[in-house]
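Here is the structure we will look at.
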Amino acid sequence: MFVRRWHMLSIFPNTIPGLSRNSVFGQIARDMDRLFESVATRPMVDSASRTWPGMNVWRDGDDIVAEAEIPGFRMEDIEVLATEHMLTIRGQRRSSTPENATALRIERSVSRFERSLHLPVEIDPDRVRATLADGVLRVTLPVAEAARPRRVQIQSLASTPAREALPTSPVSQAEATA
Amino acid sequence: MIIMADNGNGCCSAIEQRDNVTAIQNTQSHGKTSDVTYRPPLDLYDLGDRYEIQFDVPGTTAEAIEVTVHDQVLTVEARVQARYPGNITPLLGEYGVGDFRRQVRLGEDIDSQSLSAIYTDGVLTLSLPKRAERQPRRIEVRAG
């Protein structure tokens with residue numbers, strides 16, 4: 001699990017009234033901050049994240065489009081798998097830590113992920129396309145022919161010939177008896 | 001990509017966050033295309049003779065990134081073009097798309113005149129050389 005916890009460095013603001021940083025409670029606050037900092041600067045997890053990256057999914061005409069921001073991952077680091085009802089994206093990147101470097105702060109902790117999404121309609125897995133540009137992965141999943149909406153021809157009942165053309169329809173029978 | 005540094009004394013070791021906030025305010029100040037500004041996560045490394053900072057800023061371009069140093073504060077701003085067509089049906093929305101902005105206070109041991117930056121695969125990497133005179137020197141000890 002990827003935890004974003006980078007919004008503050010001190011869990012105790014310096015401005016608490018009556019809390020001197022030199023008092024006993026100030027000492028406790030400093031210890032807590034140090035503990036917090038030691039946890040926060042370490043990569044959280046080694047196993048694959050199932051909640052990162054976030055995904056945006058939308059329908060655009062006959063396509064379902066799924067997008068994820070995965071900066072630092074290259075094309076060869078990523079796998080996109082599709083079935084009729086499921087999309088899975090997987091990635092594993094090499095460490096971006098420079099050689100002989102001391103990490104002072106680590107917030108970009110995910111190096112492995114796997115996310116699966118159930119798709120709301122059947123798609124055609126053979127025609128799925130994926131692009132990766134500037135850290136943005138976009139997968140286009142064409143909706144299966146069978147699942148596409150069909151335009152239904154509406155026939156007019158106004159004229160006599162049209163009415164006669166639909167003798168078996170319950171609607172036209174009802175209208176005929178009316 | 002634009003890198004600017006003022007002539008003041010540059011940077012250094014202790015880097016802290018100054019900018020906890022967001023974008024809604026920022027946008028109003030610089031009138032960008034998107035509604036919200038996001039704070040990109042960063043990694044910071046010490047490599048001995050220099051520091052390296054990596055920012056996750058996906059979906060932008062090198063030309064749309066501005067890196068400035070003023071009064072020992074490094075500011076990274078990246079404009080992100082809106083990328084969703086107008087007439088779509090949203091099915092799942094887990095993140096927002098908007099400009100990125102983050103500020104980092106630099107220590108005095110950084111030579112802000114010689115910053116360099118590279119943008120690749122959605123990651124902005126800044127290299128911040130330390131001032132030569134601040135680096136530890138090795139003194140030869142000779143037998144007398």
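Chain letters run A, B, ... following the sequence lines, proteins first and then strands; every chain starts at 1. The structure presented is a predicted model; accordingly, all values stated were derived computationally and were not measured.
- Follow the hydrophobic side-chain contacts under 4.5 Å out from B:Val57 and you reach B:Val36 in the same cluster.
- Hydrophobic clustering of Ile, Leu, Val, Met, Phe, Trp and Tyr side chains at less than 4.5 Å, counting indirect connections, unites A:Leu137 with B:Leu92.
- Judged by distance alone, the side chain of B:Glu52 and the main-chain N or O of A:Pro98 form no donor-acceptor pair under 3.5 Å.
- No other option in B:Thr125, B:Asn87, B:Thr89 has as many heavy-atom pairs under 4.5 Å with chain A as B:Thr89.
- With respect to chain B, the highest number of heavy-atom pairs below 4.5 Å among A:Pro71, A:Gly135, A:Ala101 belongs to A:Pro71.
- In this structure, the portion of A:Leu117 lying under 4.5 Å from any heavy atom of chain B is its side chain and not its backbone.
- Per-residue heavy-atom pair counts under 4.5 Å with chain B were compared for A:Arg138, A:Arg74, A:Met55, and the maximum is reached by A:Met55.
- In the hydrophobic clustering of this structure, B:Val80 groups with B:Tyr84; members are Ile, Leu, Val, Met, Phe, Trp, Tyr whose side-chain heavy atoms approach within less than 4.5 Å, directly or through other members.
- For the salt bridge (Lys or Arg N to Asp or Glu O under 4.0 Å) test, no residue two or more places apart in sequence or in another chain qualifies with A:Asp134.
- Only the backbone of B:Thr60 comes within contact range of chain A, with heavy atoms under 4.5 Å apart.
- Interface remark: of the candidates B:Leu47, B:Asp56, B:Val123, B:Asp56 forms the most heavy-atom pairs closer than 4.5 Å to chain A.
- Here the closest heavy-atom approach between residue A:Arg108 and residue B:Asp43 is recorded as N-OD1, 2.9 Å.
- In this structure, B:Arg39 does not pair ionically with A:Glu107, as no charged nitrogen and carboxylate oxygen lie closer than 4.0 Å.
- When all heavy atoms are compared, the tightest approach of B:Tyr95 to A:Asn56 is O-ND2, 3.0 Å.
- Shown here is A:Met75, whose CE atom has no more than 12 heavy atoms of other residues, nucleotides or ligands within 6.0 Å.
- The hydrophobic clustering, which links ILVMFWY residues whose side-chain heavy atoms are closer than 4.5 Å, places A:Leu141 and A:Val136 apart.
- Using a 4.5 Å cut-off between heavy atoms, A:Glu67 contacts chain B through both its backbone and its side chain.
- Connection of B:Leu42 to B:Tyr51 is established within a shared hydrophobic cluster, with ILVMFWY side chains joined at heavy-atom distances below 4.5 Å, either directly or through further cluster members.
- Across A:Ile70, A:Thr97, A:Asn100, the residue that shares the most heavy-atom pairs under 4.5 angstrom with chain B is A:Thr97.
- Each of A:Thr102, A:Ile106, A:Leu104 was evaluated against B:Tyr45; a single residue qualifies, A:Ile106, per the side-chain contact (heavy atoms from CB on, under 4.5 Å) test.
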